[in-house]
Amino acid sequence: MATEQPTWERFDRRRRLSRFVLLLVAAVTVVASWRFMDTGVARPETIPREIADLLTRMYPPDVAYTTQIVQPLIETVQIAALGTLGAILLAVPVALLAAENTTPNAATFWLGKLIVTVSRSVNTIIWALFFVVLFGSGPLAGAVAIVFRSIGFLGKLLGEEIEEIDFGQVEAVRASGASSAQILLYGVLPQVKPALVGLSIYRWDINIRDSTVLGFVGAGGIGVELFRAVNAFAWQSVAMVLIVILGVVVVTESLSAYTRGLVR
Amino acid sequence: MLQVTDLRKTYPTGDEALKGVTTSVEGSETVAMIGPSGAGKSTFIRCVNRLTEPSGGEIYLDDTELTGLNDDALRAARRDIGMIFQEYNLVERLTVMENVLTGRLGYVSAWQAFRRSFPPEDIERAYEILDRVGLGEMENKRVDELSGGQRQRVGIARAVIQQPKILLVDEPTSSLDPETSNTVMRLLTDIAAEREVPVLINIHEVDLAIEHADRIVGLHDGELVFEGSPSELDQLGLDQVYRGAEVPENADDGQAPETTGDGDVLPDTDRPLAGET
Amino acid sequence: MAAGNRTWERPTVFRRREVKWAVYVGIVGFVLWSGVGVGADPARIAQGLGSAGSLVGDFLPPSATPRQAQRIADKMLESVAMAMVSTLTGIVLSVPIAFMAAENLSPKPLYAINRGFISISRAFNAIIVGIIAVKAIGFGPLAGILTITFKTVGFFSKLLAEDLEDIDMGSVNAVRASGASPIQTVLYGVVPQIIPRFAGLSVYRWDINIRTSTIIGIVGAGGIGSVLLTAFNRYDYQYVTAILLAIIAVVLVAEGVSAVVRRRYT
């Protein structure tokens, strides 16, 4: 007992020390960061007033503007739906490549990881910039951007689900003389189906939100109207668009939560 | 008839699971393979249908040599080998019927498999087999709703519907209570006898082996140390199998005893595939 | 027993087969309608993908003049700095909001207001918040800090509030029963229960904030994003690739650091 005590104390002290160092580093970084930035603000005390000013100009929201938002809103929903569907179709093979237990060899495994990483590291809006160059401005570029962003998300999480499956079930299907496609259909797919459905709905939910900003780079959706109104300083219209977006997001979020609860 | 000659398996870790085992299963006999954990029983069975790739030796099923087959030919050969697993290995989220029909996958296309459109005679046969194993009317239950005994009956049905030339059975009762074990063993051997299918069964309960098998082979540390009828299995035989005692050509006697206590599948590190017991 | 030729069809999750087909037809119809809506005609897609090869060629190899490289470095540092500062401000502001948004600790009206604020923060993409922040207080990193802080508060206080709602009230009541003041009750009864998750969530949010800070420059809210947009608009695609590689590298490093720290310290 007596010999063990010092070791414990030392360990504890080291742990505390490392935590303290971590906090200190974080604090120094934050202070340095603030100094580094050229915030260009002479009088920070005016900021709250400016924000309050903007909010006042937004009131009351321009309700009549709603009629003009309906079509772009539908477009946003369509972009999210097509983008999610396309992503599911492409993410399933990517997930099979990126899962250690289903990938054919090391090269395909790293290919899968590469696709997942690149897709996830590049934001939807950047993908949209790229596809606007390719397809011209419009919602098609937006939908493809959503696809490319979602592949990585779905591929990564679905791949992790595939790595968790009970391989005995797969072996039993293989032992009966099934082909590779049949092994996937009977041995793998049933085991990951709830995850696949749940993740897809979850991603659709995220994609609705992402689709609202595609308009900024000309890739369609309600964002086009939003940014037009912002640039025209039509703040009451902006407020209306924001309210509509808020409504849609709240509805899709509860719909997504509800349907995911249904899937067992 | 299954004829295995000098079957060897060395895992990449250097573990020699099988050190040249020669045996056969003939006619419609039931052969029980006994031995302590780690003796190589599971490896042996899994090498026969090449779920584990053997390192050497020959395996003949009737006139087909299995170890040299390419992928397509191996798939065709596996259709003739029914396998029943220790942990049932049913596809938990599918129905009983879908699990039984898994045994016919080798005969349908991937599209038909996806549509679940199996030939009518397969469906009819599935119903008959389900009645036979005592699961009539259960075809649309999901497997994860079943008890252990019921699951193993599905496992038997899945293997039998293949109309196999041999049944490989890997520790069918180790997840079951003693009473259910006996019923399942009885059902298994009865069905095999009715259909005149030979059975090779791994089992560690010696009394079950003596009761249900026509012949017993004993493995110890990757080597065949006993072969004979149940009545010939005396204390000496048991000692040979379970303690490795008095085996004439046993040079490894001085080695530490096997201590892998968790099932007798050795670490299967030549597959990157985890998840089995 | 064997009653002639029995048939079998897989049971469906929908109550009747007609319902199943109706749902399928509905889904296919919706997808086709969406396809028409976004103008996804095959000819256009084929044409686009056909020119993808040459476009990708334009993007390779990545290149940047020394001045451009310096600009990437400067603006990337600004992105990271924005993320650092706003993670801190966001978390600091989250704490009181989380307490006010926890159903078991806060009176009903206060609870409703704070939940509403959280919903608003979570509903709007950072780009939207960013553009409004820029309009309100002008271009530059301060707008970015405001944006990321706002998004951080929504994320952080929601999760923290849920943790607070899950805490074991027994030990809180025990502290209170010993005669502690409300503040002491929180300090000794509540805080110890949520500290571990708190640390993990902070690092996780920092990781997300790094990602966000590399983007919102597109709307003028500071950081590398503005450089990216300019390069795109000037068709300087090889420079674009260089910037993208820098972003990917920073995002991956942040993700790695976050994963390591969360594993070690939580």
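So that the names make sense, note that chain A is the first sequence line, chain B the second, and so on, each numbered from 1. Note: hydrogens, waters and symmetry copies are ignored here, and every other heavy atom, side chains too, is used.
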A/Y202 atom OH, over 12 foreign heavy atoms within 6.0 Å: no
Sort by residue number and list every residue of residues 181-191 of chain A having at least one heavy atom under 4.5 Å from chain B. A/A181, A/Q182, A/L185, A/Y186, A/P190, A/Q191
State, with a plain yes or no, whether a side-chain heavy atom of B/M83 is found less than 4.5 Å away from one of A/E171. no
Report yes if some heavy atom in the side chain of B/L90 is under 4.5 Å from a heavy atom in the side chain of A/Q169; otherwise report no. no
Among B/A110, B/G82, B/A76, B/G103, single out the residue with the greatest number of heavy-atom pairs under 4.5 Å to chain A. B/A110
Identify which of B/L74, B/L94, B/L105 forms the greatest number of heavy-atom pairs closer than 4.5 Å to chain A. B/L105
Please flag which part of B/Q162 lies under 4.5 Å from any non-hydrogen atom of chain A: side chain, backbone, both or neither. side chain
Check: A/S176 side chain, B/T102 main-chain N or O, donor-acceptor pair, under 3.5 Å: yes
Does atom CG (B/D71) have a neighbourhood of more than 12 heavy atoms from anything else shown, all under 6.0 Å? no
Check this for me: B/F114, atom CZ, are more than 12 non-hydrogen atoms of other residues, nucleotides or ligands nearer than 6.0 Å? no
Measure across B/R158 and A/A172 and return the closest heavy-atom pair with its distance rounded to 0.1 Å. NH2-CB, 3.3 Å
B/R93 and A/P194 have their tightest heavy-atom pair at CZ-CG, 3.2 Å
Hits for salt bridge (charged side-chain N to carboxylate O under 4.0 Å, His left out) against B/E98, two or more places apart or cross-chain, chain-then-number order -> B/R116, C/R10
